[in-house]
Q: 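This is the structure I have questions about; it appears just below.
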Amino acid sequence: QVQLVESGGGLVQAGDSLRLSCAASGRTFNMYSMGWFRQAPGKEREFVASITSSGSSTYYGDSVKGRFTISRDNAKITVYLQMNSLKPEDTAVYYCAAGRNPYGNFRLDRALVGHWGQGTQVTVSS
């Protein structure tokens, strides 16, 4: 069983940067694909980014491509989301996700996600 705990959310201004962290439990973390989704009030949960188990491949949603970077440190059992040039429309609850397929692309198949974190709020003011 994998447990995910997000941190790093907060209130920032447009144009600022923020880094989210997701600490995972479980000895097989380095075999899981990891990712981030977000959900704004009244909207469906949206794919943000995902990364394969080795970190060799990353995938991004169109709205964040070029601004956000996903990375992972398997030694620290942590995945990160570096968010730059934040916009008010980035405001949402951000959820960490994990899937047992080591080569998973959560953008193509959300059903690969088997575990979710509790979420962390990111608010971007204009």
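Only heavy atoms go into these numbers, but all of them, side chains included; no hydrogens, no water, no symmetry mates. Everything numeric here is computed off the predicted structure, so don't read it as measured data. Nothing fancy with the numbering, it's 1 onward along the sequence.
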Q: Could you check whether any side-chain heavy atom of L86 comes within less than 4.5 Å of a side-chain heavy atom of L18, counting everything from C-beta outward?
A: yes
Q: For R72, give me all partners under side-chain hydrogen bond (donor to acceptor under 3.5 Å, both in side chains), at least two apart in sequence or on another chain.
A: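 Here the qualifying residues are N74.
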Q: Within a reach of under 6.0 Å around NZ of K43, are more than 12 heavy atoms found that belong to other residues, nucleotides or ligands?
A: no
Q: With side-chain contact (heavy atoms from CB on, under 4.5 Å) as the test, would you mind laying out the steps for S53 and N30 before giving the verdict?
A: CA-CA 6 Å; S53 61; N30 62 353; 6.0 Å; no
Q: Rounded to the nearest 0.5 Å, how far apart are SG of C96 and CD of E6?
A: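 The CD atom of E6 is 5.5 Å from SG of C96, to the nearest 0.5 Å.
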Q: Keeping S85 on the side-chain end and G15 on the backbone end, is there a donor-acceptor pair under 3.5 Å?
A: no
Q: Kindly indicate whether the side chain of Q121, heavy atoms from C-beta on, has any atom under 4.5 Å from the side chain of L11.
A: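 SC-SC contact between Q121 and L11 ruled out.
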Q: Any carboxylate oxygen within less than 4.0 angstrom of a Lys/Arg side-chain nitrogen, looking at K87 and D16?
A: no
Q: If we ignore hydrogens and angles and just use 3.5 Å, is the side chain of S126 paired with the main-chain N or O of P88 as donor and acceptor?
A: no
Q: Taking atom CD of E89 as the centre, does the number of heavy atoms from other residues, nucleotides or ligands within less than 6.0 Å exceed 12?
A: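 Counting neighbours around CD of E89, more than 12 heavy atoms of other residues, nucleotides or ligands fall under 6.0 Å, so yes.
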Q: Determine yes or no for a side-chain-to-main-chain donor-acceptor pair under 3.5 angstrom, with S17 supplying the side chain and N84 the backbone.
A: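 Between the backbone of N84 and the side chain of S17 there is no qualifying donor-acceptor contact (under 3.5 Å).
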Q: Does the side chain of N105 come within less than 4.5 Å of S50's, by heavy atoms?
A: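 S50 reaches N105 side chain to side chain.
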Q: With a 4.5 Å cut-off on side-chain heavy-atom distances among I, L, V, M, F, W and Y, is there a chain of contacts connecting Y32 to V48?
A: yes
Q: Counting neighbours of CZ on R67 that are heavy atoms of other residues, nucleotides or ligands and sit closer than 6.0 Å, is the number greater than 12?
A: yes
Q: Would you check, one step at a time, whether the test side chain to side chain donor-acceptor pair (under 3.5 Å) holds for S63 with R38?
A: CA-CA 12 Å; S63 60; R38 67 186 182 185; 3.2 Å; yes
Q: Tell me whether S33 contacts the main-chain N or O of N101 through its side chain, where contact means a donor paired with an acceptor under 3.5 Å.
A: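 Looks like yes, one N/O pair under 3.5 Å.
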Q: So, do S57 and Y103 sit near enough that their side-chain heavy atoms are less than 4.5 Å apart?
A: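 With C-beta onward as the side chain, the pair stays apart.
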Q: Any chance you could pull the hydrophobic cluster mates of L108, using side-chain heavy atoms under 4.5 angstrom and chaining through other members?
A: none
Q: Tell me which pairs pass ring pair (Phe, Tyr, Trp, His ring centres under 6.0 Å) where either residue lies in residues 40-97, with sequence neighbours left out.
A: F37-F47
Q: Taking the side chain as C-beta and beyond, is there a heavy-atom pair between L81 and T69 under 4.5 Å?
A: no
Q: Under 4.5 Å between any side-chain heavy atoms of R45 and R110, yes or no?
A: yes
Q: Is it true that a side-chain atom of S56 and a backbone atom of S54 form a donor plus acceptor pair closer than 3.5 Å?
A: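 Absent.
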Q: Please examine the side chains of M83 and L20, heavy atoms only from C-beta on, and report whether any two atoms are closer than 4.5 Å.
A: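 L20 reaches M83 side chain to side chain.
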Q: Indicate yes or no: at least one non-hydrogen side-chain atom of R107 is less than 4.5 angstrom from one of D62.
A: yes
